[in-house]
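Below you'll find the structure, written out as structure tokens, and then a few comments.
Any value given below was found using the heavy atoms of this structure, including those in side chains, with hydrogens, waters and symmetry copies removed. We number each residue from 1, following the sequence as shown.
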Amino acid sequence: VGVSGLDKTTSMDKPFQSSTFKHLKHSACVGLYNRNGRSGCGTTDREIQSGPLYYYNGAESPPVETAYVAVLEEYKFSAKIVTSLMGQSGSYLQGILVLNGTVTDNSGDSTSANMNGVVSPGSVYPLGSGTPSENIGYGNTEYPWNGNGDGMNQYDLYGVPIVYVNDEEPSQFIRQASQSQEQESEMGSKIMSNFNYYMGPDGITSTECLTWKDSHNDKWHPKCLPLGGASVWGFAGSPPPQQVFKSAAVDQGDDAANADGNGRKLKNNANIQYNVYESQKPAIIVGTSIDSTSMFHDLVPGTNEGATNTLTMLMAAYLIGQSVNDEALDALSNRIVFGFFEGEAYGYIGSRNFLNDVLNFSCDSNYLVNSVSNDANSELACLYPMRPNMKFKDIGEIAGVLAVDQVGINMEEGLLYVHNDGGGDFGSFLANVLKSSGTSYHTVASSEAQNNNNGGDYPYPPTPLTALQSISGGGYSGAVLTGYDYVFPKRPPYQSHLNWGNGGEISLKSIASAATLMARTALAAAYDDGSFDYETAANYAANTVAELSPDNAILKQLYGCLVHNGDCRMLNKHANQDAKNERSRSSFEIGTGASLGTPPNYYVGVYSPENGQPFVRVGNQVYGAYNGADYGAKDSDAVGMQPRMLQQAIRNILNDFLGRGQTDGNGRSCSKESDCANIDYCLTDSDSATCSAKGVCVCKRAYFHTALDTSITAAVNTDPGFFSLDYDDEQSPIWTEPFWSSTVGVKMYRDTPIGPGYL
């Protein structure tokens, strides 16, 4: 909400003596916990920290004998400046206000001109050495991908609350007020700022806050929630034969099915088995990150990270759906699986969970049930450890990973880059296909990162390929397509609140080329018969998949949604339809989840029933996981999930792009999933249909998957929001966000009897 009633002629005392600052937008630096400690900002305790404003230009020493609040331009906001203030002032530094830098300062110089020198708050070794994720890296984890990074988002700034003032005009008032010593003297008062931003105590870890018990009654009372949410994945082509199935004993009737007396309906646990088909085709995982981060968690534009990654992958799926029907895809040697992974900025949360589940997850037969207890055709779910569907087990063998990252900006005009260590046949095949499959606007070159004296280990960029390599100990290979060569671009800065698309910096030509290359390479990999003849496979793919135009209407529409307006009509329409389908399927009151916002925010958020944590209804109770015997005793028993709007939209869009089957665009009309029973153009027995936002029944291709640290699982027979460490691998970072009061905020006022306004 903007500040009403202010203009550049308003007197300097007015905004601090009235309610005009009451709705001033600001974004806070939030404290987080991890396995080893704490990072981020916050006051030292629940007491207010306050002081007069002091404009710090980096040249003069700050006050050392009196409390103050530093005012910084955003182009000066860096680890060096913040640690310098802390070192010079000690406990006198009460907080920091970071000003929006797109206005003109007193000297007449545009502060935005200084943005070229802004550093990234991300680590110089993203998810690598010196970060809480270093134990789950692979290859050379000391390679400086983010050469412009100062690592401030890893710093423990306990005792230093920091907020960013979002709007230009209030920033200008604060700037002038904090610089105007003469005016303060004339008025006989000072402009003050109070910080109420307690984010939990120092000196504890994620494992402690998740398992916290109140001392007076020993009751389990967690003080934080894990970061996470929901990932989205989907098949191109018909789903494979179901690998989890009902054995013959179930078909003998309910008495035989429920001989153990456990009360579960339709799927007797003792008679549900895993079937590994010898003819199961290997799957190429085409994956990316759909999130980002910054120092200010409600200001994470992620334009050249989560936004362009998501856009590139959606358009690659669109190209395959437009170019190859299910019958042709099903006849290929390998299978294509798309993966949109959440929480990657915090230790590959989504991709590690998904890939580890595909490779290693097994559900005890006692807890394997229909996700809707009174529907024998509903997808199978695992009640403990909770998995809302088991479709991922149908993927079978993984051939490798083809990943895409940060392709919205080219380090060199007309060039994209491929990262591959050359150590595996499949990864080398993918790299060769990419390099031989240029578009009208771009060619692909090998990254020079491998030649930069990196100590012998290959420097994998931080993508889902690294997650697979880490999980498997290097047992798989793959390739990564990027817009950068051997270092991330400096502008926009990586993992920064300034990673936003302005002035045409993001190239639709580059995104269109990357989508074309990803689609063609995925199809070439599916076509290959194991001979790794990349030239023949690349020619087949190029002749099958037409090049995507940067003027494509769907590309432009999605770009507007993902980069500028996360509340756009297109995302809303698809997310609303996905929610409607889920209500029709499960009877849960699933709604449209929290939106990206305007401008979009790609911070992962906390894992909760409102953001991707699955839940199970058993009778009148709802649990995060369940190992009792009463599921199915009531027809209303079911497993559900409420993702955010982005994931709902991605799933419905994927179903639309990839699920047309053999319809040639002419499918049955629908308004909800239950209208799509017995669709004859979905080709296999394991196939089913759902309703697209276009009101047409399409074959179901996309699914949600939990994006949660692999060391954490939902506590059994307990409300959602409680988590156990029963599967702790002692390696993953376990990022959590502490609970904090709804009254947090900043007051700004003139030190007079006149009442304060609110920031």
Side-chain angles (χ1 to χ4, degrees), residues 1-2 23 25-28 30 164 166-167 225 227-232 288-294 296-311 313-314 340-345 349-350 497 499-501 506 554-583 588-614 640-656 692-694 702 704-707 737 742:
V1 180
H23 300 296
K25 288 174 62 177
H26 74 283
S27 299
V30 175
Y164 176 80
N166 300 78
D167 292 332
L225 285 173
L227 300 189
S231 298
V232 187
T288 198
S289 161
I290 62 171
D291 67 289
S292 180
T293 189
S294 83
F296 309 104
H297 291 168
D298 59 355
L299 193 63
V300 184
T303 298
N304 196 37
E305 298 167 51
T308 53
N309 290 348
T310 302
L311 178 58
M313 286 274 289
L314 284 174
F340 296 75
F341 299 119
E342 176 72 292
E344 297 296 279
I349 292 175
H497 70 284
N499 196 304
W500 50 278
I506 300 300
I554 296 176
L555 171 66
K556 287 186 170 183
Q557 191 173 8
L558 279 171
Y559 172 81
C561 293
L562 296 170
V563 173
H564 297 295
N565 179 13
D567 286 320
C568 72
R569 183 176 180 274
M570 183 180 191
L571 293 184
N572 264 297
K573 184 177 180 180
H574 283 279
N576 287 340
Q577 184 61 57
D578 191 84
K580 191 174 183 180
N581 290 340
E582 191 64 16
R583 290 195 297 273
F588 280 112
E589 287 301 314
I590 301 299
T592 301
S595 78
L596 285 172
T598 303
N601 178 17
Y602 286 90
Y603 176 60
V604 57
V606 294
Y607 187 76
S608 68
E610 295 77 34
N611 182 29
Q613 183 184 1
M641 176 192 275
Q642 173 66 76
R644 292 200 288 193
M645 191 178 90
L646 175 63
Q647 284 87 335
Q648 291 174 308
I650 290 173
R651 184 168 77 160
N652 196 261
I653 290 170
L654 279 183
N655 282 327
D656 185 43
S692 76
K694 295 180 180 178
F704 297 130
H705 196 83
T706 51
E737 183 174 309
S742 61

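- Residues Y164 and H26 place their aromatic rings such that the two centres sit no closer than 6.0 Å.
- With salt bridges taken as basic N to acidic carboxylate O contacts below 4.0 Å, one links E342 and R644.
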Handout entry: Candidate pair N499 and T303, rule side-chain hydrogen bond (donor to acceptor under 3.5 Å, both in side chains), full reasoning
Key = CA-CA 6 Å; N499 196 304; T303 298; 4.6 Å; no
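- With hydrogens and angles left out, the side-chain atoms of S27 and D298 include a donor and acceptor closer than 3.5 Å.
- Contact detail for M570 and C561: the closest heavy-atom pair is CB-SG, 3.9 Å.
- The distance from atom CG of L225 to atom CD of E737, rounded to the nearest 0.5 Å, is 8.5 Å.
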Practice task
Applying ring pair (Phe, Tyr, Trp, His ring centres under 6.0 Å), run through F341 and H705 and close with a yes or a no.
Solution key: CA-CA 9 Å; F341 299 119; H705 196 83; 8.8 Å; no
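- Shortest non-hydrogen contact noted between G612 and M641 is O-CE, 3.3 Å.
- Summarising the geometry of Y602 relative to L562, their closest heavy-atom pair is OH-O, 2.6 Å, with the distance given to 0.1 Å.
- Without hydrogens or angle criteria, Q648 side chain to G593 main chain gives a donor-acceptor distance under 3.5 Å.
- Using a distance-only test at 3.5 Å, with no hydrogens or angles considered, no donor-acceptor pair links the side chain of E305 to the main chain of S289.
- A donor-acceptor contact under 3.5 angstrom links the side chains of N576 and T592, judged on distance only.
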Handout entry: side-chain contact (heavy atoms from CB on, under 4.5 Å) between L646 and V232, worked out
Key = CA-CA 10 Å; L646 175 63; V232 187; over 6 Å; no
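- For Q647 (side chain) and A230 (main-chain N/O), a donor-acceptor pair under 3.5 Å exists by modelled atom type.
- A donor-acceptor pair under 3.5 Å is formed between the side chain of N611 and the backbone N or O of V606.
- Residues forming a salt bridge (Lys or Arg N to Asp or Glu O under 4.0 Å) with K694 (at least two apart in sequence, or on another chain): D656.
- For the atom pair CZ (F340) and CD1 (I653), the distance works out to 8.5 Å, reported to the nearest 0.5 Å.
- One finds the NE2 atom of H574 at 7.5 Å from the CG atom of L558 (value rounded to the nearest 0.5 Å).
- Here the NE2 atom belonging to H497 is positioned 7.5 Å from the OG atom belonging to S294, to the nearest 0.5 angstrom.
- Note: W500 CH2 to L299 CG = 10.5 Å, rounded to the nearest 0.5 Å.
- I349 and L227 get closest at one heavy-atom pair: CD1-O, 3.7 Å.
- Atoms CG and CG, on N565 and L571 in that order, are 8.5 Å from each other to the nearest 0.5 Å.
- Side-chain N or O atoms of R583 include none that pairs as donor or acceptor with a backbone N or O of F588 at under 3.5 Å.
- Proximity of T293 to V604: side-chain heavy atoms (C-beta onward) are nowhere separated by under 4.5 Å.
- The salt bridge (charged side-chain N to carboxylate O under 4.0 Å, His left out) analysis of residues 565-581, with sequence neighbours excluded, yields the pairs D578-R651.
- Not counting sequence neighbours, D291 has no partner by the salt bridge (Lys or Arg N to Asp or Glu O under 4.0 Å) test.
- Shown here for G566 and P600, the closest heavy-atom pair between the two residues is N-CG, 3.7 Å.
- Of all the heavy atoms in S292 and G302, the pair that sits closest is CB-CA, 3.9 Å.
- A donor-acceptor pair is defined here as one N or O able to donate and one able to accept, closer than 3.5 Å; such a pair exists between the side chain of N652 and the backbone of A693.
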